[in-house]
Amino acid sequence: MRSLMERAVKATPKALLALFALFALFASPANSPNVVHGQEPQARIKIDIDRAIGEVHPNLFGNFAEHLGRMIYGGIYEEGSPLSDKEGVRLDTLEAVKGLNVSILRYPGGNFVSGYDWKDGIGPKDQRPARPELAWGGVETNRFGTDEFLRYCERVGVEPYICINAGLGTIDDARHWVEYCNGSYPTYWADQRRKNGRDQPYKVKYWALGNEIDGWWQLGQKNAEEYSKFALEAAKAMRAVDRDIKLVASGSSNYGADWIGWNRTVLNTLRNQVDYIALHTYINNRDNNLERFLGWSQTIEHYIDVTAGLIKQAQSGQQNPRPIYIAYDEWNVWYRAQGPERLEEVYNFEDALAMGMFFNTFFRHADVVKMANLAQMVNVIAPIMTNKQGLFLQTIYFPIVEYGKQRGNTSLDAWVSAPTYRASPNRPPLKYLDVSATYNPRERAVYVNALNRSKDKDLAARIDNQEGRIESEVGVWEMNNPDLKATHTFGDDKKVRPATRVVPVSVENNGFNYTFPAHSLTILRLRLK
């Protein structure tokens, strides 16, 4: 078959012009599927690399491993399985966890920790006591404990983060746990660690002062004053063992009560001891309304903004206030699977979109949110699901991995204009386009993270850059699916996966047009000359 150029040579002048016009049309960057042409953009995103919010801290990409359901036993650890090594570690799960690129792993709870004695989980496994598990029900065998967890962290390459028992536990329990993990002198608990096969200290840096202690569901529930007094003394005792540790106060998770008063009391009492205050949020789509579901960001931002104000209030008047940040150390979609035996939430495509909403919110508050831990890692409301034969990756796995590639970047204060809707009658209108942006100065690359919350409308947008000229090719990562309820299962986890491509764009006045499809999550990578 002759090429367009061969045909053009023998064509009449009029036909020649038509052929060249046709060739120009299909060769044009504006003919790329997501590039706007023939219409005015409905939205605008302005990027300025000088408008820095803060570092996208690596610890934003953390996770959580609680003794709950099949998270530990049958998830990351399964003795006697042909899929496990001699230590009982599931090797297929280990590789999937490595692929998730987790930065920091919280352990052992959660509600579980408020009734847990860490000393039950050390020493020879066959001599460890089985105990009633009072938070979720059942029996805790204690065959997976502190040493197994910390060795697992080393194998995966993650920072360990241990939560002490501030419910039924004591201050002595807390300081002895630090001594066991981090002690370098020939002291009792450090020597117990050595007897159990670990000579060098684990050097666990991050420690939480309990979990959700304000909740009625918590063993050893305390009011704000009781908890603050306990946590202050525990912090002092733990720091006396290791002055280099970082401490996380238990913020309120009982949002139906006076959560603001709780957080104010905790911060005012612990402001000279703690480095973080914890927030927890689980979201749902019980009314099956996608746009309302993806409007949960308003609630999450409210919790962050109010807590950030309380931190400033606690620091006010101090000559050299201790820096305190927010650790969002439990977050996820969770509403379909309830109860200790029914926590294995099956995630769909719209839940994958919600991952972008969470990370966009954390990125926009990168100055104060310095840790976040998805709850949880395997089987229990998790991106990885296992059975006796293998595993599959849930829909939410893929955006978590992709956002994680921006760790260490600088979060940018992007200006966004877009059509709005009302996600909640009690909150102001919300932009359909949910955006965060980051900058990697080593690569001279800007990342634009855009969630189109509209169920059925594409959004044409103008993207302008203020500093450094945009190159004419843009990398695109996109999650989109016509079926909002599409899910994965064993042997079938390919249907909801991201697409990647490079799109040529027409850069005019240091900007270009791009269309974000309805109900989609898109990450654009712009290189600056």
Side-chain angles (χ1 to χ4, degrees), residues 58-59 61-68 70-110 112-113 116-130 140-165 173 176-184 187 189-208 241-242 244-246 373 376-380 382 384 386 391:
N59 285 349
F61 307 97
N63 214 296
F64 180 26
E66 181 172 3
H67 284 255
L68 167 60
R70 294 193 309 121
M71 167 57 236
I72 302 293
Y73 305 110
I76 65 173
Y77 183 81
E78 190 169 10
E79 291 179 292
S81 168
L83 299 174
S84 300
D85 63 13
K86 62 182 181 180
E87 294 184 14
V89 172
R90 280 275 299 248
L91 297 178
D92 58 341
T93 308
L94 182 72
E95 291 307 308
V97 170
K98 287 181 179 179
L100 197 57
N101 209 5
V102 176
S103 56
I104 184 168
L105 187 57
R106 182 173 179 245
Y107 174 86
F112 170 83
V113 78
Y116 178 61
D117 186 343
W118 68 269
K119 296 183 290 296
D120 289 341
I122 61 172
K125 291 182 185 180
D126 293 337
Q127 297 178 22
R128 298 178 190 178
E140 171 53 52
T141 66
N142 284 305
R143 294 187 69 83
F144 188 97
T146 299
D147 290 287
E148 288 77 21
F149 168 69
L150 293 175
R151 286 198 299 268
Y152 189 85
C153 288
E154 290 178 338
R155 289 181 67 171
V156 177
V158 303
E159 188 89 41
Y161 169 29
I162 291 178
C163 181
I164 71 162
N165 181 347
D173 291 335
H176 292 158
W177 206 354
V178 176
E179 181 188 335
Y180 183 88
C181 294
N182 294 0
S184 58
T187 58
W189 285 110
D191 283 344
Q192 292 302 305
R193 182 195 71 234
R194 295 183 183 102
K195 289 179 183 178
N196 292 333
R198 175 73 179 206
D199 184 56
Q200 295 301 313
Y202 288 110
K203 298 182 180 179
V204 178
K205 182 177 181 180
Y206 294 92
W207 296 79
V241 177
D242 185 347
D244 295 326
I245 60 176
K246 300 286 187 181
N373 302 74
Q376 295 190 14
M377 195 164 68
V378 183
N379 289 329
V380 175
I384 302 167
T386 71
L391 59 78

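Listed by chain and number, the residues in a side chain to side chain donor-acceptor pair (under 3.5 Å) with Glu140 are His67, Tyr73 (sequence neighbours excluded). Judged as a side chain to side chain donor-acceptor pair (under 3.5 Å), and not counting sequence neighbours, the contacts of Asp126 are Arg143. Every residue was checked against the ring pair (Phe, Tyr, Trp, His ring centres under 6.0 Å) condition with Tyr202, not counting sequence neighbours, and none meets it.
Ring orientation note: the planes of Tyr107 and Phe149 are close to parallel, at an angle under 30° on the 30°/60° scale.
In this structure, the side chains of Thr386 and Arg90 come closer than 4.5 Å at one or more pairs of heavy atoms. Looking at heavy atoms from C-beta onward, Val378 lies in side-chain contact with Met71 at the 4.5 angstrom threshold. With contacts defined as side-chain heavy-atom distances shorter than 4.5 Å, the pair Val97/Leu94 does not qualify. The shortest distance between side-chain heavy atoms of Ile122 and Asp147 falls below 4.5 Å. A 4.5 Å side-chain heavy-atom check between Val89 and Tyr152 finds at least one atom pair inside the cut-off. Counting heavy atoms from C-beta outward, Trp118 and His176 have side chains that approach closer than 4.5 Å. Two residues are said to be in side-chain contact when any heavy atoms from C-beta on lie closer than 4.5 Å; Asn63 and Leu100 meet this criterion. Here the side chains of Trp177 and Thr146 are in contact, with some heavy-atom distance below 4.5 Å.
Around the NZ atom of Lys98, the shell of radius 6.0 Å holds more than 12 heavy atoms that belong to other residues, nucleotides or ligands.
For the pair Gly62 and Ser103, the tightest heavy-atom approach, listed with the atom from each and the gap, is N-OG, 3.5 Å. Smallest separation of non-hydrogen atoms from Ala96 and Leu391: CB-CD2, 4.1 Å. Across every non-hydrogen atom of Arg194 and Gly183, the tightest pair is NH2-O, 4.0 Å. Closest heavy-atom contact between Asn196 and Gly123: OD1-CA, 3.4 Å. When all heavy atoms of Asp92 and Leu83 are compared, the closest pair comes out as OD2-CD1, 3.7 Å. The shortest heavy-atom contact between Cys181 and Leu150 is SG-CD1, 3.9 Å.
Rounded to the nearest 0.5 angstrom, Gln376 CD and Ile384 CD1 are separated by 12.5 Å. Remark: Cys153 SG to Glu148 CD distance equals 12.0 Å, nearest 0.5 Å. To the nearest 0.5 Å, atoms CG (Leu105) and CZ (Phe64) are separated by 9.0 Å.
A salt bridge links Glu154 to Arg198: one of the charged nitrogens lies within less than 4.0 Å of a carboxylate oxygen. We find that Asp173 and Lys119 are joined by a salt bridge, their nearest charged nitrogen and carboxylate oxygen being less than 4.0 Å apart.
No side-chain donor-acceptor contact under 3.5 Å links Thr93 to the backbone of Ile76. A donor-acceptor pair under 3.5 Å is formed between the side chain of Asn182 and the backbone N or O of Lys203. With hydrogens and angles ignored, the 3.5 Å screen pairs a side-chain donor or acceptor of Arg193 with a backbone N or O of Asp199.
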### Query
side-chain contact (heavy atoms from CB on, under 4.5 Å) between Val380 and Glu66: does it pass, once the steps are laid out?
CA-CA 9 Å; Val380 175; Glu66 181 172 3; over 6 Å; no

### Task
Quick one: do Arg155 and Asp85 satisfy side-chain contact (heavy atoms from CB on, under 4.5 Å)? Show the steps, please.
CA-CA 13 Å; Arg155 289 181 67 171; Asp85 63 13; 2.7 Å; yes

### Task
Apply side-chain contact (heavy atoms from CB on, under 4.5 Å) to the pair Trp207 and Ile164, showing each step before the final yes or no.
CA-CA 7 Å; Trp207 296 79; Ile164 71 162; 4.0 Å; yes

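No side-chain donor from either of Asn142 and Arg128 sits under 3.5 Å from a side-chain acceptor of the other. Side chains of Tyr161 and Asn59: a donor-acceptor N/O pair is absent below 3.5 angstrom, by distance only.
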